[in-house]
Undergrad: 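Sharing a structure, written as structure tokens. Questions coming.
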Amino acid sequence: MASLGFNLPALIVVGISVVIGLLMVVMFRYTSDQKAIHIAKDHLKAHLLALRLFQDQIPVVIRSYGRILLATGRYLRLAFMPLLFVSVPLILLLAQIDRYMGSTPFETGLPFLVSARVTGAKALGDATLELPAGLASTAPAVHVPAENEVVWRVVAEREGSFVVNVLTSAQASAKQVVVGSGMPRLSAVRLRGPWWRRLLYSAEPALPESNLVQTIEVQYPARVIAFAGLEWNWIWLFFVLSLAAGFLFKSILGIEI
Amino acid sequence: MKLRERFPHLVLWLAILGIVVFCPLPSHAYAGPGAGFAVLSSFWTLFVALLYSVYAFFVWPFRQLLRLLKKRKAYGNAQIKRAVILGFDGMDPELTERFIAEGRLPNLAKLREQGSFRKLRTTYPAISPVAWSTFMTGVNPGKHNIYDFLARDLSNYLPYLSSAEIKGPKRSVKIGKYTVPLGGARIKGMRKGTPFWHWLGEAGIFCSVIRVPVTFPPEKFAGVLLSGMCVPDLKGSQGTFCLCTTRASGDKFREGGIRVPVERDGSIFRSYVPGPEDPLKPGSGDELRVDFEIRPDKTGTQARIIADSQGFTLKIGEYSEWIPVKFKAGMGFGAHGICRFYLKELSPEVEVYVTPVNIDPGRPDLPISHPVTYSIYLAKLFGPYATLGLAEDTWALNEHVLDDDAFLAQCYANHDDRERMLFDALEKTQQGLCACVFDTTDRVQHMFWRYLDEDHPAARDVPHDQHPQVIQDLYSRMDVLIGRVMKQIDDRTLLMIVSDHGFKSFARCVNLNAWLHQNGYLALKVGKTESGDWFEDVDWSRTRAYTMGLNGLYLNVKGREREGIIANGADTDALKDELRRKLDGLVDPASGRVGITGVFDCDAVYAGPYVDNAPDLLVGYGDGFRASWDSVMGKVTSEIFEDNLKAWSGDHCIDPRLVPGVLFCNRKIAEEKLAIVDVAPTVLKLFGLPLPGHLDGKPWTVASEAIS
């Protein structure tokens, strides 16, 4: 498989792209005004043909160009209204997939940063990082008063799922850190705030609102997927493949997009 | 409250928008393949448009320069900047004057009073393909080779379409039981002569030509053209409708239609639309089909029809829109067509009428426009439209498959499409020629003359007590159209309203073959008293003359016809004289009226290189008469005269002197006697172009001032 340029993440993205391509096209079909889209696209094509058919007549060319702009606007309006519907489940889905596909866990021996944003200068000065066995700090904490942020450099000595604690006064705020390989569910940030914000960004429970720590964040390395001889970010690969799948299914199912 | 009523999903939309706008992940920029398509295709469209625009802007000066180098000085000596010619097939001068007098046609009245109105001498014979060919070429039929819808094959006395010849591809490969065609169909135009818009195009004057008859196949020229009358349907015929019915009947339609059984399958009814011959099995007679099903609803007043994966609901007495259908032949071969369904009946029987399958203008399998993209452009702009030459299904009304209202609805739907095309062409052709022919005038007068003539044999079913005004309404509608066009033109535009011929009642049929038989000019095989279609039972070895088509009379000339017996020269001249003497003034014994008012020797009427293809004599029927339906099809009956009981109750294929066309113009014309052959030279002269020497028409003296 690898010799063919495939690997497991690539296969998963292909599968997801095909399924989502199909689902989204079908959803688009039922949430859009298919006839109006068909007419809008036909008008676009007609005005394009007019440019060619009446090319010697400059006033006609100018008018046609104006109509192309208008028709493009009409088409985009018709296409994007149902896309707002479609985008709700898709955004939620992409956010979830991104936790598995977007990043890789930390590797042992390579340093990474843990940053915490806190409330108030006192908390900034008090903040310390408590590390479990297997993780070690490699440098003193760096305080960024302008951002109310403190940053620690950490290195993993073994693979595993660890919990680091940021201590301020009498409070301890925990954050998961994953070291290893594969495609575990990763959460780059733990934060306070409304549920819908966590829904999109964090895979961990909310920090208590009374907590002096607002966010604890680590920057997992971005996952690079090898596919067709190129290296891809999963969202770009998904973009290309789901577009291709959508094109295929729209043709088969006779859906206007 | 009001805001909520107007936008019931406002809160939902705002919530969605809020999530997307205020909480973005990188991945949110992409909202699925739909967004991808929308964005990509929009940018692609704009990019292509921009490219074309830049191309057009940059190339335009070079094209102008090229024109100058070729000494093409468009508009250099022109008296006009634009000519708009509206053709109304069959608009009759007498009816027009009558309706003007009744105050029904204010715009034509204005043109008559302030501009010009003349009767326009038509061609011999007064048949649309002949007259419009003369209109566009400015020559007599001896130079353009069109004498009727049909011409005869000298080798077998069978007819063929006079305007175009369509043959299969030149080469093919045999694979097992299939014959795979290599290349497309070969289409050859039979009309000779050069349409005047070619001369205009060469001079750099842009032309938009819409549905002028006998423009199929479309010829290349500097302009756009949509072919008209003589464009075939997908079966290659001039229009074959289809009646899908559960009603058992062994009867065949006389012409123009076929019955297709509808099979019941529980609560669903299944049938099919017959299409062209399977291209992989040429000569086998196997036709391609598109299946469809009819699902009546519980009320029995409407049904859902599913054809070629497309579903639509029709009430009884309602037409569908144009439905695209694909006839699949395998190996990727097939044909694209469009047709309309009309739900006739759901109980006790199920009947659906399907129009002839027209060539799909958006995906034309045969060229129906120049350039090919013009038909596609119109289809994209206005949706699918009728492309068949004779798009109004007169046969279906004749055969009582459609009733009067359904036929009219079909006519006016086609007419509305044509109007849209005209106004688009007017907008696109601010300088040059814009010519558009409307067929509705011809078809409606053919089929509804019985509404005007209470004594017509076919008038018995007409609800005269309701004072139907079909033809009056037709003329009023055309007048409104003319008014709309007049509003769009300026005083440097020439407006001409032209018809190719007028109209008269067609109450009595004349079977000229029967007359020839009874007078010893046409012989039948031993034991026969009548002949089937296309001279099935004619004994050619004893036949001196025969007729087929609408006005042509042919001699069976030795060395010309396969079994000719009349020597060319003195014998043919003598026979022609004899036939002219006997036929001219032929009286209908039932009415005492003259059925034939003139018989014309084609050698005297025509001049040109194609005179040999003309009939020998042309028969001019009197007012109220026309060649019988049987005679047209080469059938010999026992009766010479009989009543015409068909809805097709008006006609013009008679003595051309009785059915001149009309000419209205927005300028004064000095000459009193005008002919359709003069239109082409007149337009060329007004655009300041030299007249080609071979033209038969003479340009008119047209005033330089247009009416306000």
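Letters go in sequence order (proteins before strands), and every chain restarts at 1. Side-chain atoms are counted along with the backbone in the values below, which use heavy atoms only and exclude waters and symmetry mates.
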Undergrad: Does Glu318(B), at its CD atom, have more than 12 non-hydrogen atoms belonging to other residues, nucleotides or ligands within less than 6.0 Å?
TA: yes

Undergrad: Starting at NZ of Lys45(A), measure out to CD1 of Ile376(B) and round the result to the nearest 0.5 Å.
TA: 10.5 Å

Undergrad: Measure across Pro371(B) and Leu53(A) and return the closest heavy-atom pair with its distance rounded to 0.1 Å.
TA: CG-CD2, 3.3 Å

Undergrad: If only atom types and distance count, is the side chain of Arg63(A) paired as donor or acceptor with the main-chain N or O of Glu427(B) below 3.5 Å?
TA: yes

Undergrad: Which heavy-atom pair separates Gln57(A) from Thr429(B) by the least distance, and what is that distance?
TA: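 So the minimum-distance heavy-atom pair works out to OE1-CA, 4.1 Å.
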
Undergrad: Identify the heavy atoms of Ala46(A) and Tyr377(B) that sit nearest to each other, and give their distance.
TA: O-CD1, 3.1 Å

Undergrad: How long is the straight-line distance from CG of Leu48(A) back to OG1 of Thr373(B), given to the nearest 0.5 Å?
TA: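 That separation rounds to 12.0 Å.
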
Undergrad: Counting only heavy atoms from other residues, nucleotides and ligands, does the tally under 6.0 Å from CZ of Phe312(B) exceed 12?
TA: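 Check passes, neighbour count above 12.
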
Undergrad: Which bit of Ser309(B) comes within less than 4.5 Å of chain A, counting heavy atoms only: side chain, backbone, both or neither?
TA: neither

Undergrad: Has Glu209(A) got more than 12 heavy atoms of other residues, nucleotides or ligands less than 6.0 Å from its CD?
TA: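 Atom CD in Glu209(A) is crowded, with more than 12 foreign heavy atoms closer than 6.0 Å.
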
Undergrad: For Glu321(B), I'd like to know if atom CD has over 12 heavy atoms of other residues, nucleotides or ligands within 6.0 Å.
TA: no

Undergrad: At a heavy-atom separation under 4.5 Å, does Arg67(A) approach chain B through its side chain, its backbone, both, or neither?
TA: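 Only the side chain of Arg67(A) comes within 4.5 Å of chain B.
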
Undergrad: Can you name the closest pair of heavy atoms from Lys428(B) and Val60(A) and give their distance?
TA: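 Shortest heavy-atom contact: CD-CG1, 3.4 Å.
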
Undergrad: Please look at Tyr374(B) and chain A and tell me whether the side chain, the backbone, both or neither of the residue comes under 4.5 angstrom of a heavy atom of that chain.
TA: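 It is both, since atoms from each part get that close.
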
